[in-house]
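In each ligand, atom 1 is the first atom listed, and ligand 1 is the first ligand listed.
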Amino acid sequence: MKNLVRFFLVIAVSSALILIAISSLNSSQGYSGGNTLTVYNWGDYIDPALIKKFEKETGIKVIYETFDSNEAMMTKIQQGGTTYDVAVPSEYTIDKMRHENLLIPLDYTKLPNLKNIDKRFMDLPFDPDNQYSVPYFWGTVGIVYNPSKLNGKKITSWNDLWAPDLKNEILLIDGAREVMGMGLNSLGYSLNDTNKEHLLEAKNKLDTLTPNVKAIVGDEIKMLMANEEASIGLVWSGDASEIMSENEHLDYVVPKEGSNLWFDNMVIPKTAKNIDGAQKFINFMLDPKVAAQNTEYVGYSTPNKAALKFLPKDVVNDKRFYPSPELTKKLEVYENLGKKNLAYYNELFLQFKMHRK
Ligand code: N2P
């Protein structure tokens with residue numbers, strides 16, 4: 001009996017010693033990935049003060065990198081050369097990534113703040129049960145425009161953009177699904193159409209828009225539109241809200257033929273080294289006050305229901321940026337159309353861009 005007690009005592013003492021050794025290792029030199037966290041996000045998509053706050057609260061140092069398209073982000077993660085601990089893809093890319101085993105399932109015990117998210121944004125078809133992703137921002141695709149430069153004319157339809165008097169007046173966001181989607185929607189086709197003839201027809205129609213297109217740009221579209229360098233822009237809703245806070249002459253519309261409803265969620269890619277830190281970061285971003293601060297800074301719409309009370313009433317009551325579920329039901333969410341079809345969308349978009357030169 002005595003021997004047995006001694007045996008357990010030895011085990012207990014030595015495991016305690018091992019634990020102490022590990023934790024001192026963590027705090028002194030940091031074990032692989034322990035004290036840094038690499039976050040990979042869209043450009044202009046976080047309040048930098050929040051990164052500082054997270055670093056201060058957790059002692060984890062954040063390395064922050066940005067991308068400007070789902071395609072570029074996914075290629076980087078597939079290549080695997082860089083350690084990304086958290087990334088923020090959109091819905092169709094999340095679906096693609098989980099099918100290609102590029103994501104690590106989330107540990108819900110480490111995400112108590114998930115309760116703050118509006119149920120409306122949970123359990124969507126691209127990630128059933130949110131096994132791999134949790135909501136970050138959401139919105140629509142539409143047209144930001146300057147009525148004072150259009151003789152007071154209101155834009156309501158995609159086809160309004162083809163008017164001959166809009167020569168050189170349009171800026172387009174540099175997104176294959178967004179631009180091809182505009183072509184498809186203007187013809188009455190779905191944003192998820194995979195019929196090659198329809199896709200080609202959409203691309204040919206886009207070619208006829210070329211005289212009106214001033215440039216195809218990235219995040220600088222916000223500055224250009226706010227400075228009235230063009231009178232019409234194809235944008236994501238959050239960019240429109242940001243532009244409109246800079247220039248009150250502008251308005252935003254989701255064209256009547258329909259448009260895209262999108263969701264950007266946080267995920268932990270397979271390349272992650274600091275999974276625990278990634279969970280901490282995700283949970284931090286889900287905190288209502290943090291989400292509200294981020295929303296005010298970035299201008300996009302938050303899926304965080306508990307954050308709404310910390311935001312100005314005129315922001316959350318603006319139906320242009322917080323459309324009702326009845327309205328969003330009429331919009332289409334991009335689907336993962338499979339490798340071949342997505343490649344065809346990208347190829348046609350590239351051809352359209354070349355056509356302009
Ligand atoms: C932020 C871009 C948001 C992308 N600059 C919308 N999915």
_With a 6.0 Å cut-off on the ring centroids, do Y45 and Y300 count as close?_
yes
*Measure from the ring center of Y252 to the ring center of F321 and say whether it is less than 6.0 Å.*
yes
*Can you name the residues that come within less than 4.0 Å of ligand 1, going by heavy atoms only?*
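Shell around ligand 1 (4.0 Å, heavy atoms): W42, G43, Y45, S90, D219, W236, W262, D264, Y300.
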*Are N260 and E178 close enough that a side-chain donor and a side-chain acceptor fall under 3.5 Å?*
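Checked: N260/E178 side chains show no N/O donor-acceptor pair below 3.5 Å.
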_Any side-chain donor near an acceptor of the partner, S133 and D127, under 3.5 Å_ =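 Present: a donor and an acceptor within the cut-off.
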Determine all donor-acceptor pairs shorter than 3.5 Å in which one atom belongs to a side chain in residues 217-224; sequence neighbours excluded.
| residue | atom | partner | partner atom | Å |
| --- | --- | --- | --- | --- |
| E220 | OE1 | G218 | N | 3.4 |
| K222 | NZ | D44 | OD2 | 2.9 |

*Is it true that D251 and R320 make a salt bridge, defined as a side-chain N closer than 4.0 Å to a carboxylate O?*
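Yes.
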